[in-house]
Amino acid sequence: MEMSPHTPSSAWLLWLLWWLSFLTPPSEASPPLNSTLLFDSGAPSFSLRNCSCSTPIRDCSEALANSVCRCHTVLRSALPPAGLREEGLLTVWVKEEWVLQEVLNRSTVAHLRLSFCGERPTHSQYLSLLGLQTLRVHSPHAPYPTQDISITPPADFEAPSSSTSSSSIHVTFLDLSVLNGLSALKAYSVLGPPPHTFSQHFPHLHLPPAPSLSGTPEAPVDHQDWTAESLLLTFIY
């Protein structure tokens, strides 16, 4: 049988392409961004595991987190009373409500993911958060298992800042009952009263520490120390 005159050149071209594939460097992937993961170790110690993870971890998989992430234990008695300051992504696995009340409440966090890992339903009570932009709530085996919500302040409303000259503050009040996943997430925002008069209008809601701190990050700041001229309040329930 006579061979086609184009067969040798076709084979040579395929060989050349195969050889060039080894010379072409692979595209460099962007380095993974670390995220902070918090979960409680349960009774009897009631301590907190603080982990830095470079890859996503399956919700509530404590053994996996301890083996894959860089984790250390923080005693409950050593937790900062003024809340956390987290610039990146913060993930909290919730088994007991004390983690939210004593760790997350009054914190400054932009991107928050909450996963319910407990057995008992959470009660309806509010946490205050400063500068929240996105929220994801994961409630396995619930009618609404995974929900996302973005909070976008008005264009003329400045983002929270650590500077003492900040003229506007965005505070979010989050109802803990959203962890039960029984209804769709809802949110609304209103322009609040001046920060120094907030407690007069909302005596049962507590602002987080002011971003313009006059003392140490561990020391709570009274409402009269707020220097913001305007206050935006967002309620998520």
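Any value given below was found using the heavy atoms of this structure, including those in side chains, with hydrogens, waters and symmetry copies removed. Residue numbers start at 1 and run along the sequence shown.
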Side chains of [X] and [Y]: does their closest heavy-atom pair fall under 4.5 Å?
{"X": "T73", "Y": "R49", "value": "yes"}
{"X": "I236", "Y": "L132", "value": "yes"}
{"X": "C53", "Y": "S35", "value": "yes"}

Under a 4.5 Å side-chain heavy-atom rule over Ile, Leu, Val, Met, Phe, Trp and Tyr, are [X] and [Y] clustered together?
{"X": "L104", "Y": "I149", "value": "yes"}
{"X": "L174", "Y": "L90", "value": "yes"}
{"X": "Y144", "Y": "L114", "value": "no"}
{"X": "V92", "Y": "F39", "value": "no"}
{"X": "V109", "Y": "V178", "value": "yes"}

Using side chain to side chain contact (heavy atoms under 4.5 Å, CB included), reason through L79 and V74 one step at a time and then give a plain yes or no. CA-CA 7 Å; L79 295 173; V74 181; 3.8 Å; yes

Is the gap between the SG atoms of C51 and C69 under 2.5 Å?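 No.
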
Return the [atom1] to [atom2] distance between [X] and [Y], rounded to the nearest 0.5 Å.
{"X": "N50", "Y": "L48", "atom1": "CG", "atom2": "CG", "value": "6.5 Å"}
{"X": "N66", "Y": "H72", "atom1": "CG", "atom2": "NE2", "value": "12.0 Å"}
{"X": "T146", "Y": "R113", "atom1": "OG1", "atom2": "CZ", "value": "10.5 Å"}
{"X": "R120", "Y": "N180", "atom1": "CZ", "atom2": "CG", "value": "12.5 Å"}
{"X": "K95", "Y": "S115", "atom1": "NZ", "atom2": "OG", "value": "13.0 Å"}
{"X": "T108", "Y": "L84", "atom1": "OG1", "atom2": "CG", "value": "9.0 Å"}

Can you give me the closest heavy-atom contact between [X] and [Y], atom names plus distance?
{"X": "L130", "Y": "H170", "answer": "CD1-O, 3.4 Å"}
{"X": "S67", "Y": "L64", "answer": "OG-O, 2.9 Å"}
{"X": "Q147", "Y": "A184", "answer": "OE1-CA, 3.1 Å"}
{"X": "D175", "Y": "H123", "answer": "OD1-O, 4.4 Å"}
{"X": "P143", "Y": "G181", "answer": "CD-O, 3.3 Å"}
{"X": "L37", "Y": "A65", "answer": "CD2-CB, 3.7 Å"}

As a quick check of understanding, evaluate side chain to side chain contact (heavy atoms under 4.5 Å, CB included) for V190 and F235, giving each step before the final call. CA-CA 9 Å; V190 295; F235 295 85; 4.3 Å; yes

Walk me through whether I57 and V68 qualify under side chain to side chain contact (heavy atoms under 4.5 Å, CB included). CA-CA 8 Å; I57 304 297; V68 173; 4.0 Å; yes

Would you check, one step at a time, whether the test salt bridge (Lys or Arg N to Asp or Glu O under 4.0 Å) holds for R76 with E102? CA-CA 9 Å; R76 186 175 181 179; E102 300 181 22; 2.4 Å; yes

Would a distance-only check, ignoring hydrogens and angles, find a side-chain to backbone donor-acceptor pair under 3.5 Å from [X] to [Y]?
{"X": "E86", "Y": "H111", "result": "no"}
{"X": "E96", "Y": "D40", "result": "no"}
{"X": "T122", "Y": "L176", "result": "yes"}
{"X": "S139", "Y": "L179", "result": "yes"}

Distance alone, cut at 3.5 Å: any donor-acceptor contact between the side chains of S107 and R85?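 No, because no side-chain N or O of S107 sits under 3.5 Å from a partner of the opposite role on R85.
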
Applying side chain to side chain contact (heavy atoms under 4.5 Å, CB included), name anything that partners N105, two or more places apart in sequence or on another chain.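 Expected list: L127, S128.
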
Is the CD atom of E87 crowded by more than 12 outside heavy atoms at less than 6.0 Å? no

Classify the ring geometry between F173 and Y126 as parallel (under 30°), tilted (30 to 60°) or perpendicular (over 60°). perpendicular

